[in-house]
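For reference, the structure is listed below as structure tokens.
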Amino acid sequence: MAKPESLRSQQRSFTRTRFLDAALEVFKEVGFHEATIDMITTRAGANRSTFYLHFKDKTSLALAAWQRISPSGQETFALINEMEQPTFKAMRAWVEYMANTWVEHSELYSAIMQAQMTDSAITTRNYEIIREDMSPYINRFKGKRKTEAKRRVELFCMQFEMYFFTTICQYKEKPASDDLDLLAELSLYTLFQKTRA
């Protein structure tokens with residue numbers, strides 16, 4: 001039988017969750033750059049000293065928030081991991097699914113992308129998480145090819161992240177169907193060296 005979580009541990013978890021909830025709300029409203037720790041602590045109903053018990057700074061909070069809004073990352077990338085001989089149609093469906101996710105959470109993705117551009121640690125952790133999520137794909141390869149597969153995963157993610165960030169978050173436009181077709185073609189080639197049939 002598992003040992004029950006202590007009250008202190010439950011309180012710590014609850015407080016951390018409040019900070020993450022508050023940060024996501026504030027980031028959504030004003031963006032990463034304009035958000036302040038005071039705004040976040042006020043929204044959470046806590047003080048700065050309590051904040052610093054949980055997070056080193058706003059950047060570490062943004063990283064935790066990014067992970068919080070990306071619990072579906074494993075499910076999302078599992079679709080890629082399961083592809084053995086993907087068709088253009090399958091890749092196109094995946095790209096459209098991702099586009100819809102970005103449209104739905106555009107303010108939050110915008111804040112997280114701003115944070116990534118501010119602190120390389122967030123970008124580094126982002127790609128570590130994605131490589132972990134895509135490890136079944138990466139582990140198909142050995143030696144030098146495995147190293148190349150890791151790099152392909154990063155390039156694959158950079159393609160759609162920058163396109164979605166620019167189009168959806170900055171220009172406030174829904175991605176054009178032709179653009180999603182091209183993004184699917186690029187993704188298919190980047191990951192599987194396949195061209196559209």
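Side-chain atoms of Y189 never come within 3.5 Å of backbone atoms of A184 as a donor-acceptor pair (strictly under, hydrogens ignored). A distance-only check finds a donor-acceptor pair linking the side chain of T123 to the backbone of Q116 [under 3.5 Å]. At least one donor-acceptor pair closer than 3.5 Å links the side chain of W94 to the backbone N or O of T76. S60 places a side-chain N or O within 3.5 Å of a backbone atom of D57 that can act as its donor or acceptor partner. Of the possible donor and acceptor atoms, one in the side chain of T15 sits under 3.5 Å from a partner among the backbone N and O of Q11. No donor-acceptor pair under 3.5 Å is formed between the side chain of R43 and the backbone N or O of E25. Using modelled atom types, one side-chain atom of S135 and one backbone atom of E132 make a donor-acceptor pair closer than 3.5 Å. With hydrogens and angles ignored, the 3.5 Å screen pairs no side-chain donor or acceptor of S9 with any backbone N or O of E5.
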Note to self: side chain to side chain contact (heavy atoms under 4.5 Å, CB included), that's the test. Do K150 and Y127 meet it? Break it down for me.
What the structure shows: CA-CA 10 Å; K150 290 177 184 177; Y127 288 114; over 6 Å; no

Next item on the list: Applying side chain to side chain contact (heavy atoms under 4.5 Å, CB included), run through L186 and F156 and close with a yes or a no.
Entry: CA-CA 8 Å; L186 288 169; F156 160 68; over 6 Å; no

Margin query: S6 vs Q10, test: side-chain hydrogen bond (donor to acceptor under 3.5 Å, both in side chains). Steps then yes/no.
Written below: CA-CA 6 Å; S6 71; Q10 288 177 13; over 6 Å; no

Next item on the list: Go through N47 and T50 one step at a time and tell me if the side-chain hydrogen bond (donor to acceptor under 3.5 Å, both in side chains) criterion holds.
Entry: CA-CA 5 Å; N47 57 43; T50 304; 2.8 Å; yes

Margin query: Under the criterion side chain to side chain contact (heavy atoms under 4.5 Å, CB included), I'd like the reasoning laid out for I130 against V153: C-alpha separation, chi angles, the key distance, then a yes or no.
Written below: CA-CA 8 Å; I130 291 169; V153 164; 3.7 Å; yes

Item checked: Candidate pair Y52 and R48, rule side-chain hydrogen bond (donor to acceptor under 3.5 Å, both in side chains), full reasoning -> CA-CA 6 Å; Y52 288 115; R48 288 177 74 92; 3.1 Å; yes

Next item on the list: Quick one: do S110 and Q114 satisfy side-chain hydrogen bond (donor to acceptor under 3.5 Å, both in side chains)? Show the steps, please.
Entry: CA-CA 6 Å; S110 181; Q114 290 172 29; 3.3 Å; yes

Next item on the list: Just do the side chain to side chain contact (heavy atoms under 4.5 Å, CB included) check on M91 and I80 with the steps written out, would you?
Entry: CA-CA 8 Å; M91 188 60 74; I80 299 292; 4.0 Å; yes

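Here the closest non-hydrogen pair linking R140 and N81 is NH2-O, 2.5 Å. When all heavy atoms are compared, the tightest approach of M113 to M162 is CE-SD, 3.7 Å. For Y163 against A176, the heavy-atom pair with the smallest separation is OH-N, 3.7 Å. The minimum heavy-atom distance between P175 and A99, with the atom names listed, is CG-CB, 4.1 Å. Residues I138 and R131 share a closest heavy-atom pair of CD1-O, 3.7 Å. Nearest heavy-atom pair across L24 and L108 is O-CD2, 3.2 Å.
Taking CE of M98 as the start and CD1 of I168 as the end, the distance is 9.5 Å to the nearest 0.5 Å. Here the NZ-CG distance, from K56 to L63, works out to 11.0 Å after rounding to the nearest 0.5 Å. To the nearest 0.5 Å, atoms OG1 (T41) and CD1 (I37) are separated by 8.0 Å. Here the NZ-CZ distance, from K89 to R196, works out to 12.5 Å after rounding to the nearest 0.5 Å. Interatomic distance, N100 CG to L180 CG, rounded to the nearest 0.5 Å: 8.5 Å. Once rounded to the nearest 0.5 Å, the distance linking CG of L53 with CZ of R16 reads 12.0 Å.
Aromatic ring pairs are classed by plane angle as parallel below 30°, tilted from 30° to 60° and perpendicular above 60°; the pair F19 and H54 is tilted.
With hydrophobic clusters built from ILVMFWY side chains whose heavy atoms lie under 4.5 angstrom apart, L79 shares a cluster with M134. Under the 4.5 Å side-chain heavy-atom criterion for ILVMFWY residues, no single connected hydrophobic cluster contains both V30 and I122. Residues I40 and L20 are members of one and the same hydrophobic cluster, defined by side-chain heavy-atom contacts under 4.5 angstrom among Ile, Leu, Val, Met, Phe, Trp and Tyr. L155 is connected to L191 through a chain of hydrophobic side-chain contacts under 4.5 Å among Ile, Leu, Val, Met, Phe, Trp and Tyr, so both are in one cluster.
Considering only heavy atoms from C-beta on, F141 stays 4.5 Å or farther from E148 through its side chain. Between Y109 and T101 the shortest side-chain heavy-atom distance falls below 4.5 Å.
Screening Y97, F164, F165 for a ring-ring contact (aromatic ring centres under 6.0 Å, His included) with W102, the sole residue that qualifies is F164. Put simply, the residue from R152, R151, Q159 that forms a side-chain hydrogen bond (donor to acceptor under 3.5 Å, both in side chains) with T190 is Q159.
Atom NZ of K194 is surrounded by more than 12 heavy atoms from other residues, nucleotides or ligands within 6.0 Å. Shown here is E29, whose CD atom has more than 12 heavy atoms of other residues, nucleotides or ligands within 6.0 Å. More than 12 heavy atoms of other residues, nucleotides or ligands sit less than 6.0 Å from atom NZ of K172. Around CZ of F192, the count of heavy atoms belonging to other residues, nucleotides or ligands within 6.0 Å exceeds 12.
Figure legend: K58 and F32 shown as a cation-pi pair, the cationic atom lying under 6.0 angstrom from the six-membered ring centre and within 45 degrees of its axis.
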